[in-house]
Amino acid sequence: MAALRPPSLPSPALGEEGRPPSRRAILSLPIGRAKARAKLTPLALNQALRARLPLLLAGLGLAGCAAVGPDYAPPATDVPAGWSRLDTTSQPMARADAVGDISQWWLKLKDPLLSGLIEEALEASPDLRTARAKLREARARRVVADAGRYPSVTTSGSASRARSSETVGSGDTRDFFSAAFDASWELDVFGGTRRSIEAAEADLASSEASLEDTRVSLASEVALNYVEVRNRQILIRIARDNLASQSETLRITQWRAQAGLVSHQDVEQASANREQTRAQIPALETSLAEAEHGLDILLGKAPGTLHGRLAATGNVPAVPDQLAVGIPADTLRQRPDVRAAERRLAAETARVGVAEAARYPSFNLSGSIGLEALTFGALDNGDAATSSLLAGITAPIFDAGRLRAQVDIQDAVREQALVAYEQAVLAALREVEDALVALARNRERVEALANAVASARNAALLARQRYSAGLIDFQSVLDSERNVLVLEESLASARASGAQALIRLYKALGGGWTLAASRPAGKDTP
């Protein structure tokens with residue numbers, strides 16, 4: 001679009017006292033201000049409006065000019081055709097099929113308590129309340145921006161009494177009464193108001209997308225904390241089971257020491273091994289309490305509120321055997337954070353036009369219809385009617401480059417928003433790729449650890465039996481028991497990591513909301 005240039009203004013004339021005008025020249029065109037000589041009837045008003053209609057039409061014609069500043073177009077994004085880490089040979093669980101409905105992906109984990117916690121968080125979370133408040137703010141700002149398209153109308157009334165001095169005047173007391181309707185309108189000739197509305201609409205769309213992004217993040221955070229709670233419970237159970245097994249080993253060692261078959265050194269070693277395992281339990285219980293408190297806060301509840309509901313030990317949600325991940329382009333369309341970044345870019349682009357429009361002249365129309373009289377009773381007299389209409393032009397002449405710099409500032413802000421959008425796209429693609437790798441490698445790790453745990457348990461059982469028979473020394477028993485504990489903890493942590501990788505993948509794919517049903521009727525309307 002060709003850039004519009006400010007129209008040339010007539011040479012400014014000197015003021016009444018010979019002073020030059022201010023740096024911002026003002027050209028006012030008084031259209032009329034006179035005492036009405038006829039009654040203020042509808043016919044008289046109609047005639048007055050018809051006399052001024054050409055000026056109003058000319059103003060409307062000027063308001064229809066093209067808006068200055070760049071017109072926004074969504075930036076071109078270089079998106080790969082597929083996921084680089086999606087290997088159907090080594091990763092048969094992930095497929096490039098179209099993603100189904102993942103607006104409530106947590107239901108696929110088949111854990112009723114987890115589903116209930118997420119639903120509660122989506123109703124009462126402080127983060128969502130903050131996002132809803134920001135959305136209300138954006139809606140109100142959109143109304144404020146749109147109001148700039150219309151005239152503003154005010155009404156006023158006054159009554160005064162003044163007495164002149166007897167020394168310099170007559171000493172008479174005079175009353176004055178007036179009532180009027182005043183209207184003013186700034187014509188949007190160069191599109192500054194239209195660009196403001198465009199920016200406000202983009203901000204509103206960005207706030208809506210940010211609200212949905214908060215939903216996505218909240219659901220995943222609740223699920224991640226829930227998995228951590230279950231993992232800590234499992235680790236505590238493993239530690240207690242191993243504690244019981246090591247206590248049994250200690251009793252066997254004590255019996256053999258009493259029988260004189262082994263030295264008391266074996267008894268002390270068995271006791272130290274058991275106490276070392278016992279010492280792990282308080283630390284695990286502390287981390288469990290912290291994970292529960294994290295869930296409480298996410299749901300907007302006081303710490304400790306959910307302890308009773310979480311007390312019953314459960315399993316970590318299982319990772320499904322098959323999972324459709326779609327293609328990168330689908331992910332970018334689904335993710336609300338990418339849409340929020342794109343709408344912020346649109347808003348900052350529109351504000352470049354707002355800053356540019358400030359460099360051009362502004363056109364104003366103002367008018368007044370009212371009554372003036374020296375007595376209150378005379379206000380209903382037709383001779384008391386007054387009316388006026390004024391058109392004005394204000395244009396910048398010299399500002400030492402301030403307005404030009406404002407345009408440069410806003411253009412730099414627009415470029416920052418463009419970079420932020422590009423980073424959001426790259427971050428979205430990376431999160432999916434990272435989650436795919438984590439799922440594939442974790443699946444292999446879980447299989448290997450499961451086999452290792454089974455072998456370690458058999459080895460520990462055989463070691464105790466052979467020690468009881470006096471075939472091996474006690475150090476072999478200690479090593480086998482420690483190995484079982486380490487491997488069982490590693491297996492539990494690996495399963496939890498797999499569930500967390502699945503949750504992160506759902507989040508990376510934009511799961512947790514849908515564009516068609518992101519807000520049921522009245523659900524999030526502030």
Side-chain angles (χ1 to χ4, degrees), residues 70-88 91 93-106 108 131 134-135 138 198-199 201-221 223-224 322-350 414-440 500-519:
D71 292 327
Y72 176 74
T77 306
D78 186 14
V79 181
W83 304 109
S84 64
R85 296 292 183 172
L86 188 60
D87 184 357
T88 56
Q91 187 173 286
M93 63 168 296
R95 309 188 313 272
D97 300 349
V99 180
D101 182 13
I102 55 175
S103 60
Q104 292 182 305
W105 53 261
W106 47 88
K108 301 178 185 294
K134 291 181 178 179
L135 178 58
E198 183 180 337
E201 289 175 342
D203 283 334
L204 175 57
S206 177
S207 294
E208 291 174 345
S210 295
L211 173 60
E212 304 308 339
D213 184 51
T214 303
R215 291 176 180 275
V216 172
S217 298
L218 179 62
S220 64
E221 287 300 317
L224 290 172
Q322 295 289 332
L323 181 66
V325 296
I327 60 176
D330 293 337
T331 297
L332 296 184
R333 281 191 292 267
Q334 177 69 16
R335 285 187 56 135
D337 60 330
V338 174
R339 174 171 171 76
E342 187 271 335
R343 289 289 83 198
R344 283 192 290 271
L345 172 59
E348 300 304 340
T349 302
R414 179 204 59 79
E415 186 173 354
Q416 295 173 45
L418 174 60
V419 174
Y421 168 73
E422 293 171 348
Q423 290 178 329
V425 171
L426 294 177
L429 299 177
R430 176 187 174 179
E431 288 175 7
V432 177
E433 296 280 11
D434 288 349
L436 288 174
V437 174
L439 275 175
Q500 290 173 336
L502 176 64
I503 294 167
R504 291 190 179 96
L505 178 59
Y506 278 126
K507 177 186 177 183
L509 293 174
W513 77 294
T514 58
L515 186 60
S518 60
R519 291 184 309 281

Is a donor on one side and an acceptor on the other found under 3.5 Å between the side chain of S206 and the backbone of A202?
no

Are the side chain of S220 and the backbone of S217 linked by a donor-acceptor contact shorter than 3.5 Å?
yes

What's the spacing between E415 CD and L345 CG if we round to 0.5 Å?
10.5 Å

Side chains of W106 and I503 in contact at under 4.5 Å (non-hydrogen atoms)
no

L509 CG to D330 CG distance, which is reported to the nearest 0.5 Å
9.5 Å

Which atom of A424 lies closest to which atom of A341, heavy atoms considered:
CB-CB, 4.0 Å

Between E433 and R430, does any NZ, NE, NH1 or NH2 come within less than 4.0 Å of an OD or OE carboxylate oxygen?
no

Report the residues that fulfil salt bridge (charged side-chain N to carboxylate O under 4.0 Å, His left out) with R504, sequence neighbours left out, ordered by chain and then residue number.
none

To the nearest 0.5 angstrom, please state how far the CG atom of L429 sits from the CZ atom of R335.
8.5 Å

In short, L418 meets P75 closest at the heavy-atom pair CD1-CB, 4.0 Å

Going from OG on S210 to CZ on R215, what distance comes out if it is rounded to the nearest 0.5 angstrom?
13.0 Å

Return yes if a side-chain donor-acceptor contact under 3.5 Å exists between Y72 and E348, otherwise no.
no

List for me each residue that meets side-chain contact (heavy atoms from CB on, under 4.5 Å) alongside A420, sequence neighbours excluded, and say none if there are none.
none

Min side-chain heavy-atom separation L135-L204 under 4.5 Å:
yes

Output for pair (L439 CG, D434 CG), nearest 0.5 Å, gives 11.0 Å

Distance-minimising heavy-atom pair for A131 and L211:
CB-CD1, 3.6 Å

So, using side-chain contact (heavy atoms from CB on, under 4.5 Å) as the criterion, who are the partners of A438 when residues are at least two apart?
A501

Working to the nearest 0.5 Å, report the span between CD1 of I102 and NZ of K507.
13.5 Å

Could you point out which residue of E342, R344, R343 forms a side-chain contact (heavy atoms from CB on, under 4.5 Å) with Y421?
E342

Considering non-hydrogen atoms only, spot the tightest contact between P328 and V79 and give its length.
CB-CG1, 3.4 Å

With no hydrogens and no angle check, is any side-chain donor or acceptor of W83 less than 3.5 Å from a backbone partner on G326?
yes

